[in-house]
Amino acid sequence: MQRGNPWPQLGSDVLIAPSLLASDFARVGEQIDQLAAAGAEVLHLDIMDGHFVPNLSMGPPFVKSIRKYTELPLDVHLMLTDPATYIERFAEAGADSITFHVEADADHVRLIERLRELGLGTGVTLRPGTPAEALAGLAGAVDMVLVMTVEPGYGGQEFMENMLEKIAAVRGMLKAGQRVQVDGGINPRTAALCSAHGADVFVAGTDVLGSGDITGAVRALRQAARKARPADEPAVPPHE
Ligand code: DX5
Ligand code: ZN
């Protein structure tokens with residue numbers, strides 16, 4: 001795959017995006033090899049500033065190391081109060097797509113323009129308490145909307161079923177080809193629920209990397225998401 005905005009290059013089938021937050025950082029290369037062999041299309045990187053969310057995770061040097069290691073597209077989820085100050089640093093580190101929070105303190109329209117100027121995929125995301133209406137004026141301009149299905153900040157939390165209506169509402173705001181991503185508490189059961197409501201990119205940390213069977217977990221997620229997909233959205237090209 002060529003570098004740059006990955007989303008148009010990834011077809012229209014459901015996509016599995018494991019979150020490296022749940023990886024063993026001392027063995028992350030080996031685990032990326034397993035994820036790639038299992039057919040994961042995208043790697044999801046969770047960036048936390050200890051302010052927007054009460055947790056810290058990784059920064060640009062980690063992204064840079066992963067970029068050197070793998071050809072898989074890097075989908076960077078910025079849980080930052082001030083994303084505008086950092087997007088160039090993550091772009092230089094090798095991000096292919098950057099998602100920022102609509103609750104962040106920034107000129108959202110300008111942020112999207114800058115991501116486009118950098119040639120990156122562009123995503124916007126909503127905390128669970130933020131309504132879909134907060135996307136007004138933005139939804140048409142992004143490649144992807146991420147509907148958080150847990151409160152951002154930590155892996156291993158329980159999926160919030162009351163986000164399903166929001167997933168459907170967001171899907172209704174988007175055109176064909178724009179993606180709806182879900183993140184938090186995703187496993188085959190919850191992926192199926194999200195898929196039935198219009199999600200097509202599935203971030204999963206604990207379910208995939210905490211399972212001891214990366215290959216089986218990726219396959220089970222994909223099968224569940226595909227099976228539940230609304231019939232009017234055919235999955236092409238088939239992945240396996
Ligand atoms: C939470 C992160 C998620 C998290 C998902 O703030 O955005 O990507 O790693 O982890 P699981 O799949 O364990 O809920
Ligand atoms: Zn995330």
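Atoms within each ligand, like the ligands themselves, are counted from 1 in listed order. The structure displayed is predicted, hence computed values, not measured ones. Numbers here are sequence positions counted from 1.
Other residues, nucleotides and ligands contribute over 12 non-hydrogen atoms within 6.0 Å of the CD atom of E151. Dense packing is recorded around CZ of F52, with more than 12 heavy atoms of other residues, nucleotides or ligands lying under 6.0 Å away. For E158, the CD atom sits in a loose shell: 12 or fewer heavy atoms of surrounding residues, nucleotides or ligands are nearer than 6.0 Å.
A salt bridge links R171 to D200: at least one charged side-chain nitrogen sits closer than 4.0 Å to a carboxylate oxygen. Contact check on E88 versus R114 returns a salt bridge, with a Lys/Arg side-chain nitrogen under 4.0 Å from an Asp/Glu carboxylate oxygen. A salt bridge does not link E92 to R67: none of the charged nitrogens lies less than 4.0 Å from a carboxylate oxygen. Salt-bridge annotation for R110 and E113: present, with a side-chain N of the basic residue lying under 4.0 Å from a carboxylate O of the acidic one.
For ligand 1 and T206, the ligand atoms under 4.0 Å from any heavy atom of the residue are 11 (P), 12 (O), 13 (O). Of all the atoms in ligand 1, the ones that sit under 4.0 Å from a non-hydrogen atom of H44 are 8 (O). Near A204, the atoms of ligand 1 lying under 4.0 angstrom from a non-hydrogen atom of the residue are 12 (O). Taking every non-hydrogen atom of G184 and a distance limit under 4.0 Å, the qualifying atoms of ligand 1 come out as 14 (O). In the vicinity of H77, heavy-atom distances shorter than 4.0 Å reach the ligand 1 atoms 7 (O). For ligand 1, the atoms sitting less than 4.0 Å from at least one non-hydrogen atom of S19 are 8 (O), 9 (O), numbered in the order shown with element in parentheses. Proximity to P152 (heavy-atom distance under 4.0 Å) selects the following atoms of ligand 1: 6 (O). Close approach of ligand 1 to M79 (heavy-atom distance below 4.0 Å) involves ligand atoms 6 (O), 7 (O).
When only modelled atom types and interatomic distance are considered, N5 and D96 share no side-chain donor-acceptor pair under 3.5 Å.
Scanning all protein heavy atoms for the shortest distance to atom 11 (P) of ligand 1 gives G156 N, 3.6 Å. At the top of the distance list for atom 12 (O) of ligand 1, counting protein heavy atoms only, stands G205 N, 2.8 Å. Considering only non-hydrogen protein atoms, atom 10 (O) of ligand 1 sits nearest to G155 CA, 3.5 Å. The single protein non-hydrogen atom nearest to atom 6 (O) of ligand 1 is G153 N, 2.7 Å, given as residue, atom name and distance. In terms of protein heavy atoms, atom 2 (C) of ligand 1 is closest to D46 OD1, 3.3 Å. Shortest contact from atom 14 (O) of ligand 1 to any protein heavy atom: G185 N, 2.8 Å.
The atom name of the N/O/S atom in D183 closest to the Zn ion (ligand 2) is OD2. The N, O or S atom of D46 with the smallest distance to the Zn ion (ligand 2) is OD1.
Remark: at the Zn ion (ligand 2), atom NE2 from H44 and atom ND1 from H77 enclose 100°, rounded to the nearest 10 degrees.
A parallel orientation is assigned to the rings of F100 and H108, their planes being inclined by less than 30° (bins at 30° and 60°).
Remark: side-chain polar atoms of R3 are paired, donor with acceptor, to backbone N or O of E71 under 3.5 angstrom. A donor-acceptor distance shorter than 3.5 angstrom exists from the side chain of T149 to the backbone of G184, with no hydrogens or angles considered. Under the 3.5 Å distance criterion, the side-chain polar atoms of D105 are left unmatched by any main-chain donor or acceptor of T81.
The heavy atom nearest to atom 1 (C) of ligand 1, considering only F159, Y154, F202, is found in Y154. With distances taken over non-hydrogen atoms, the option nearest atom 7 (O) of ligand 1 out of V150, D183, T190 is D183.
For the ligand labelled ligand 1, residue M148 lies inside the 4.0 Å heavy-atom shell.
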